[in-house]
**Q** 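Just dropping this structure here.
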There are 2 protein chains.
Amino acid sequence: MRINESVSEGTSGVDQPKKRAKPGRNPAPAGRTSRPRQAEVAGLAGVSQATVSLVLSARGDGRAAAISEETRQRVLDAARSLGYVPDPAARRLAAASNNLLGVFSFTATFPTDVQHSYYPFLVGVEQEAAARGYDLVLFTGSSTGGAGATGPDALSRVRLADGCLFLGRHVPLAELKRLVADGFPVVHLGRREELEGLAWVGADYVSASREVVGHLAELGHRRIVLVREDDDAPPSTDRQQGFLDGLAAAGIAGGPGAVLRCADPARELTAPRVRALVADGVTAFVAEETDTGAAWRALNAAVREAGLSCPGDVSLGLLGSPPADLAARPVPMGFDIPRHRLGAAAVRLLAALVSGEEAHEPLVACEFRAGETAGPPVPPP
Amino acid sequence: MRINESVSEGTSGVDQPKKRAKPGRNPAPAGRTSRPRQAEVAGLAGVSQATVSLVLSARGDGRAAAISEETRQRVLDAARSLGYVPDPAARRLAAASNNLLGVFSFTATFPTDVQHSYYPFLVGVEQEAAARGYDLVLFTGSSTGGAGATGPDALSRVRLADGCLFLGRHVPLAELKRLVADGFPVVHLGRREELEGLAWVGADYVSASREVVGHLAELGHRRIVLVREDDDAPPSTDRQQGFLDGLAAAGIAGGPGAVLRCADPARELTAPRVRALVADGVTAFVAEETDTGAAWRALNAAVREAGLSCPGDVSLGLLGSPPADLAARPVPMGFDIPRHRLGAAAVRLLAALVSGEEAHEPLVACEFRAGETAGPPVPPP
DNA sequence: GCGCATTACTAATGCGCATTAATGAATCGG
DNA sequence: CCGATTCATTAATGCGCATTAGTAATGCGC
């Protein structure tokens with residue numbers, strides 16, 4: 001049915017009316033629906049679609065396209081009068097990149113949980129992404145994207161974006177490996193050195209924890225105990241590392257008693273135990289921060305129950321920020337994780353990877369918080 | 001140039017391995033970059049691109065495409081092993097959908113603000129979207145999508161998604177109008193009746209406020225005052241409407257004194273004023289909830305300063321949830337906005353629009369909260 | 001053995017745009 | 001007055017996919 005078109009090859013001898021003729025089909029507004037295309041603008045302005053594209057996508061860059069000012073105006077007027085707006089899908093198809101960064105979080109989508117742990121990161125991520133002209137695609141671990149649920153290819157959906165950010169403690173490394181191996185830009189938010197070649201951005205827990213210990217040492221404390229949970233995630237081991245470094249730097253012997261590792265802090269860290277430690281000479285405690293804040297809660301409860309006053313009898317420190325429900329009054333001495341900046345840094349790194357660079361500046365410093373739970377140690381009786 | 005392919009017509013005598021022949025150009029992974037295309041999957045599976053498309057986009061609909069199970073598996077395996085994921089832009093362009101819902105918020109990306117106001121909605125949105133197999137694209141108002149900043153086509157980016165959810169108080173109606181007029185599925189989170197044809201989902205502030213007043217009336221209160229800010233946003237007027245309805249239902253005259261409208265609650269709602277009102281017979285106050293919680297804060301402060309005890313001397317109600325920093329002890333009588341459910345409802349509606357339906361169930365009920373700030377009125381002296 | 005329907009694919013096409021090679025026209029040097 | 005240059009614009013192409021028309025190959029009935 002399209003045969004009659006091939007006749008054109010026989011037209012060599014025909015004197016056709018110059019070029020002014022417009023090629024057959026001109027997608028006129030048929031049903032009065034759908035927004036205008038470049039072709040329609042072109043029709044109205046009496047130019048070709050290519051010209052419209054050239055005019056409308058003229059970058060501010062030095063060399064303007066070779067378009068006469070008059071034509072330019074005609075096209076612009078036509079576009080304006082038709083209310084033309086480019087189709088982002090088409091534009092992206094032609095440009096081979098879609099200005100989309102993915103965000104994949106593995107945590108169960110349990111509202112309150114997510115709220116507490118990830119939102120602050122996302123704020124930074126969103127800001128930085130916006131500033132760089134990227135939009136974000138949120139993939140959720142639990143989401144069954146029409147196709148495979150949590151199958152082995154659950155991660156392949158992220159390739160839809162130009163690159164992807166991963167959050168969460170428990171990441172399926174095997175799948176990530178694939179992405180990385182394929183050269184897909186990936187950044188993990190949080191230290192992750194198990195996987196060679198995986199880019200990551202993390203908070204400098206080591207330095208921050210060291211600083212907290214240093215602060216206590218400066219106040220005069222010589223016996224400090226770290227309360228931590230029984231989990232070997234990088235954030236935990238980093239804090240312990242910093243804690244021990246801090247002790248060493250202050251000339252305090254670490255020893256096995258310096259770290260209290262509890263599977264269930266609420267049960268193991270009881271008032272009697274705290275009393276015993278204090279009687280033994282301990283004057284300060286620091287707890288690690290985790291999702292649940294279990295260590296800090298247990299420490300607080302035990303100290304209170306033991307009848308000890310906080311800045312007076314013992315000093316307390318928190319290696320992180322307090323959970324929201326405990327944020328109110330006694331501001332704990334410790335440090336804040338710069339979540340906004342972490343998120344932003346991650347996006348910066350990801351953007352760099354997407355554009356082919358290899359930038360690397362993984363560690364973001366934490367902010368020391370003096371708080372009101374640390375003071376000089378009580379003189380030994 | 002494709003001529004050599006037609007050789008196949010002369011191969012009748014050759015015993016070739018069935019249909020195993022592959023067409024000429026097969027865009028192999030040249031530079032080891034970029035994600036795989038259907039063509040590559042096709043190559044690996046020994047079929048044509050069209051077949052890959054057919055297999056991968058097989059809708060669960062009754063009539064499956066005419067593809068043999070064996071081929072189907074080969075294609076699926078190939079796709080999985082290459083980590084294939086369709087390009088949303090291309091898919092979109094080819095007139096399908098891409099399982100992407102947009103979320104566009106107009107609010108400045110001011111961290112704490114967004115945190116308080118929008119996150120709970122997003123939780124519901126994310127859950128429901130995930131449950132329905134959609135991923136989310138977050139567009140940010142301030143984001144300059146590479147091209148025009150906040151120009152007249154700032155909204156056009158959202159067309160990448162199958163439909164879009166809009167949040168925020170200040171929405172550029174003119175642009176939204178275009179989207180709606182073009183038949184692009186749009187849902188606004190929050191009542192928005194100014195724009196004909198704009199679908200929206202909102203909380204039923206009217207009923208909830210009426211219920212709060214009814215509760216007070218049942219306790220015996222006959223003089224109730226509404227404290228509100230000087231803003232005519234729908235949420236505010238809805239609450240007032242419900243408040244007045246409630247008074248009417250209880251047979252209480254409204255009158256001009258029943259509503260206290262303050263431009264600056266902190267200044268206008270002073271302790272003396274509260275005392276005067278109480279002396280005049282007022283036994284209960286209700287405040288509207290806003291972003292800042294100004295009305296509720298001012299009311300609380302004034303009552304306390306006036307030396308009045310809360311459930312004892314006067315009853316207080318809050319038409320909404322208390323701001324985070326006041327959430328602790330005296331749980332205010334009032335109602336909670338079911339933000340999760342609102343977000344979920346919005347997604348449901350949007351999904352319906354995307355698939356061409358016209359479902360409508362815009363109002364989501366709020367949850368009454370008994371709290372501890374309301375009791376029987378003091379008997380008149 | 002010949003239609004004819006069915007099955008299992010593939011070739012071809014186009015979505016709306018950006019981009020590039022190609023074409024015409026105008027200008028210029030000699 | 002004829003190439004050689006610029007300038008302005010257009011034809012042609014392809015991005016990655018869905019879709020449709022078409023083509024072998026096979027099965028079925030007579």
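Throughout, a chain's letter reflects where its sequence line sits, starting with A, and its residues are numbered from 1. What you see is a predicted model; the values in this text were computed from it and never measured.
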**Q** Rounding to an integer number of Å, can you tell me how far B/R74 CZ sits from C/dA8 C1'?
**A** 12 Å

**Q** On DNA chain C, check which nucleotide each of B/A50 and B/A90 is closest to and give me the residue with the more 5' one.
**A** B/A50

**Q** Is the shortest side-chain N to carboxylate O distance from B/R92 to B/D87 below 4.0 Å?
**A** no

**Q** With the side chain of B/V47 defined as its heavy atoms from C-beta on, choose the nearest nucleotide among C/dT10, C/dA18, D/dC17.
**A** C/dT10

**Q** Just the rounded figure in Å: distance from P of D/dC17 to CG of B/D87.
**A** 6 Å

**Q** Please report the shortest heavy-atom distance between B/W200 and B/V187, naming the atom on each side.
**A** CA-CG1, 4.4 Å

**Q** Determine yes or no for a side-chain-to-main-chain donor-acceptor pair under 3.5 angstrom, with A/S53 supplying the side chain and A/Q49 the backbone.
**A** no

**Q** Calculate the interatomic distance between A/E69 atom CD and D/dA8 atom P; express it in whole Å.
**A** 11 Å

**Q** Flag the pair A/D77 and A/R80 as a salt bridge only when some basic side-chain nitrogen lies within less than 4.0 angstrom of an acidic carboxylate oxygen.
**A** yes

**Q** Does A/T51 place a side-chain N or O at less than 4.0 Å from the phosphate oxygens OP1/OP2 of D/dT10?
**A** yes

**Q** Would you mind reading off the distance between B/I67 atom CD1 and C/dC9 atom P, rounded to a whole angstrom?
**A** 6 Å

**Q** Less than 4.5 Å apart, any side-chain heavy atom of A/V137 and any of B/L136?
**A** no

**Q** I want to check one thing: is the phosphate of D/dC15, taken as OP1 and OP2, less than 4.0 Å away from some side-chain N or O of A/R92?
**A** no

**Q** List the steps and the verdict of side-chain contact (heavy atoms from CB on, under 4.5 Å) for B/Y84 and B/L56.
**A** CA-CA 10 Å; B/Y84 170 81; B/L56 295 183; 3.4 Å; yes

**Q** Round to the nearest Å and state the distance from A/L93 atom CG to D/dA18 atom C1'.
**A** 12 Å

**Q** If I take atom CD in residue A/E40 and atom C1' in nucleotide C/dC17, what distance separates them, rounded to the nearest angstrom?
**A** 14 Å

**Q** Stems in DNA chain D: runs of 3 or more consecutive Watson-Crick or G-U pairs, distances under 3.5 Å?
**A** C:1-30 with D:1-30

**Q** Sequence neighbours left out, what passes side-chain contact (heavy atoms from CB on, under 4.5 Å) with B/E69? Give chain and number order.
**A** B/R72, B/Q73

**Q** May I have the distance from A/L54 (atom CG) to D/dT9 (atom P), rounded to whole angstrom?
**A** 10 Å

**Q** Which whole-number value in Å describes the distance from A/Q38 CD to D/dT9 C1'?
**A** 15 Å

**Q** At under 4.0 Å, does any side-chain N or O of A/Q49 touch on OP1 or OP2 of C/dA18?
**A** no

**Q** Indicate whether OP1 or OP2 belonging to D/dT9 is found under 4.0 Å from a side-chain N or O atom of A/S68.
**A** yes

**Q** On DNA chain D, check which nucleotide each of B/L56 and A/S48 is closest to and give me the residue with the more 5' one.
**A** A/S48

